[in-house]
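Here you go, one structure.
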Amino acid sequence: MSASLVSHLALLALLPPLLLGVITKTKAVLAGRRGPSVWQPYYDIHKLFRKEVALSATTTWIFVLAPVVGLVTALLAGLLVPLGPFEAPVAFAGDFVLFAYLLALGRFFTASAGLDTGSPFEGMGAARELGFSWLTEPALFFAFLALARLSGSLSLDGMLRASEGGAWLLRTAPLVLIAAGVLVVLLAECSRIPVDDPNTHLELTMIHEVMVLDHSGPLLGLVEYGAAAKLLVLEILLLHVIAPTAQVHGWPGLALFVVGLLAIAAGIGVIESVMARLRLLHVPTLLIAAVLSCGFAFLLLSR
Amino acid sequence: MTGGEGGSAPSPALLLLVGGSVLAAASGVPGLFLGWRSAWGARIAVGMVVVGSLSGLAGGLLAIAGARGDVLFLAAPVPGMEMRFGVDVLTGIFVLPVFLVGGLGSIYGARYWSPREHPRNGRRLRLCYGLLVASLAWITLARDGIVFLVAWEVMALTNFFLITTEDEDPTVRGAGWLYLLYSHVTILGLFALFLLERQIGGDFAFRGVPADVPYALRTAIFVLALVTFGIKAGAMPLHSWLPAAHASAPSHVSALMSGVVIKMGIYGLVRTCGVLASPPLGWGISLLAIGSLSAFLGVVFALGQHDIKRLLAYHSIENIGIILLGLGVAMVGRSLGRPEWVMLGMAGCLLHVWNHALFKALLFFGAGSVVHATGTRDLERMGGLARGMPATATLFLVGSLAICGLPPFNGFVSELFVYLGLVRAGVTPGSAWAALPAPVLAATGALAVACFVKVLGVVFLGTARSSEAKAGHESPPSMLVPMAVLGVACAVLGVAPGLVAPALERAAEAWSGGLLPGQSLAALAPLRWVSIAALTLVVAVMALGAAVIPVCLRARRRQPSLPTWGCGYAASSPRVQYTASSFAQIITSRFAWALRTRTHTPLIEGFFPASSSFRSATGDSVLDRFLLPAARRLKGTATRARVYHQGDLQQYVLYIVAAVILLLLSNVRLEWVVTQLCGR
């Protein structure tokens, strides 16, 4: 195992909670509070892993399996993306389909687990999660198509290099459109404002949080960790689109890449601070805008 | 039998296939001589279908492994004619699901439709079932138009009698008539298609149509094939017969119909597209358009259903769309001279034919077990069945994951091939448009996930919504084993797609007529990586699951009757759960323009409103909004012609005389009349 592979796995395993910490810290600072330490999510997950599980008698093994599948699929998807100057550990033609379908597999189980509890609130969350994802998928695929046309590659590792070199000077418009679309996909898939408010306390208005309401202890820890890993993976996607990340080689490049990821997390914190949540009925409009944005990027490149 | 072509004996593959199909065709006959309630008729039928299927499976495998395309002549009952049967790789590809699903369905049906529970229609069902399996095999074996048409008609008629098994129910009869109507249109189209082909080749059925045939004639053949075979396959605007028919038939017949029978439409289309030389680009594009439409709207309509079998039927339309997308990519590749698109598109098309047969049969068996256990097809009355029928629930989960195209199951592989074909076309300069179905397919996949989470969640998870659901019991092994076989096949094809790659390569090569020199599927598609990813996924989930499960088991032991957290509401009941309709409503409301759901909303007024109910039903928009109004208008116009139908015998004689005179006159040349008159 090469050093770059080890660092890839280590970052994938260790970085996710830090992103959540940075988002929370940014929001606190912008609200004029001190806020919890950026390491707080690590303590939280650690605490959850030591707790007991409370299992509703209604649930079946799908409820137990769902957090596991959610985490595993997010981490496996993370193996398909490059990290700054380091290439992806796994790259093959069509791996972007695997990427999208792995995340869909996680979603399938998370939503099924919501229905497994027999609670109306969790059914509501599951319906919303799936009711929005069918618009994020085509946006993501339009983005992939546009990136494939830019780079001429059929694997994520090559596609995400589309912004390298002078691409940002030559192909500004498509890249801006792709970045905007992917940002919306990220916000929707990771349940951030303006699609969903992770800090809300009313079950009726939540999406992701209400879907996992009945998970507790280590299971909840896995859910939180899986959600953070998904955030990391999608952030990596976004960062590659908006910045030519392979320009600085070797370890300094990787360090710079991690700084970039934290900066995006801070950016999400800023978005969450300055925006209100959209009405649920208006969320599809935002997502359709993302589809159109990525679709238009593809259109610009299709000559 | 009069022997093989050129004196050589027919190949073992062909003999096995013909023998197996004859055995299946005769399977229902002994039962006719036994009593209504006799279990022996059913046992003999199952035995014969199973033995016939094993023989057919062996023949199909041989055909795929190395068929030489030899032909068997049989003397026809009509003098001066002969019937031709043959095998090649495409026959093998399409005949394997026939015997696999046919044989398993027969085993499943033995308990599902046992003579004790259904003494009245059991004999008819078994007779027609065997004939249907045989006729499906004959369609793939037919090498001339007459055999094809006869087999097609046997398929259509036995199918009709199978759909109307429970003919005491008026909705079943309605579904049967609608199906029969569409079948008639199909057979008329087939007559026209084969006559056109005879005009060209001097021979019926699937002979080559060379490029020097006029463009208009070739296009006519393509369009006829697209419409007639499209009806049979259930492609989107031509699908109206399908949901009702598949919902009305007994579940093991639905499995065969949905998994295999509609594939005969695909078979015909694939054959016809294969023999048409130098296809113009427009044909591939129209296939891509119809495929996208079927895939997307198929799943949207499925989301609107709350009858479990109607829902699965609409998913057949979705999957036919995916298959057509594969065929479309291959056709576009042929038009533009891109062998790698042809290979990927054809591999995706044919593999999805197999995959859909496997997981759709599995799902229909699962739905049948649920219907058998609860006595209802209504999703809103189910819930919590995973507790009573854990094995069925698990197998249904496998089928759901496979049909959503999720790794590590087989649906992912064929969808990956189609995606790769589309995107390869999309990155090629000048053909970016060809990638446009890819985002549509992505949205379709996400909607399929939503739909199957709905089915799985509402049927098997949560708590029972009715007393029937509470009483749900596990199916006997004879119903579970066929499902398990299909589930294992889904997993094997998902983990090791390399096993079938050679067969797909050979079929694509044969289909394209030697356009693919030295193309290998493994070089174009990441078969090895798919296996690695699937195995990694399974191992990782199992490893992490093994860490979690002991903790959860301990929790269950310590607090066995813990309720679900009700957000502070203490008096929860199963009625507060999300229903199938409310779960899908966030999506279906976006598609109100297509679904045209009829709702009955109760009026709630006053401080103490009377108890009331909410109802909603999503019919088939094409049928309800276009076909039925058009038929009514046609009927209105036709009534006006009634004035000439007075029932008066003299009038009819007058019509006949007038018609004869007109016919005679039409044969007489005008100059001849003039010379005769003037010459005198």
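Just so we're on the same page: letters track the sequence lines, and every chain starts at 1. Because the structure is predicted, anything quoted here is derived from the model rather than measured.
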Minimum side-chain heavy-atom gap B/Arg558-A/Glu52 below 4.5 Å:
yes

Among B/Val539, B/Val538, B/Leu537, B/Thr536, which one satisfies side chain to side chain contact (heavy atoms under 4.5 Å, CB included) with A/Val72?
B/Leu537

Please examine the side chains of B/Val576 and A/Phe121, heavy atoms only from C-beta on, and report whether any two atoms are closer than 4.5 Å.
no

Show the numbers, then the answer: is there a side-chain contact (heavy atoms from CB on, under 4.5 Å) between A/Leu55 and B/Leu562?
CA-CA 7 Å; A/Leu55 275 183; B/Leu562 213 56; 5.8 Å; no

Which bit of B/Ile532 is near chain A, if near means a heavy-atom gap under 4.5 Å: side chain, backbone, both or neither?
neither

Which portion of B/Ala443 sits near chain A, non-hydrogen atoms under 4.5 angstrom:
both

Most contact-rich option vs chain A, by heavy-atom pairs under 4.5 angstrom, among B/Leu461, B/Thr579, B/Leu420, is B/Leu461

What part of B/Val548 is in contact with chain A, defined as an atom under 4.5 angstrom from a non-hydrogen atom: side chain, backbone, both or neither?
side chain

Once the angle between the rings of B/Tyr419 and A/Tyr101 is folded into 0 to 90°, is it parallel (under 30°), tilted (30 to 60°) or perpendicular (over 60°)?
perpendicular

Are side-chain heavy atoms of B/Val440 and A/Phe141 found at a separation under 4.5 Å?
no

Could you check whether any side-chain heavy atom of B/Pro407 comes within less than 4.5 Å of a side-chain heavy atom of A/Leu98, counting everything from C-beta outward?
yes

B/Glu415 versus chain A, the contacting section by heavy-atom distance below 4.5 Å:
side chain

Kindly determine whether A/Glu122 and B/Tyr578 satisfy side-chain contact (heavy atoms from CB on, under 4.5 Å), including the steps that lead there.
CA-CA 9 Å; A/Glu122 301 191 26; B/Tyr578 252 45; over 6 Å; no

Under 6.0 Å between ring centres: does that hold for A/Trp61 and B/Phe460?
no

Derivation of the side-chain contact (heavy atoms from CB on, under 4.5 Å) call for A/Phe108 and B/Leu456
CA-CA 10 Å; A/Phe108 186 104; B/Leu456 193 77; 4.0 Å; yes

Which heavy-atom pair separates B/Cys552 from A/Val64 by the least distance, and what is that distance?
SG-CG1, 3.6 Å

Measure distances from B/Phe412 to the heavy atoms of chain A and classify the residue's part below 4.5 Å as side chain, backbone, both or neither.
side chain

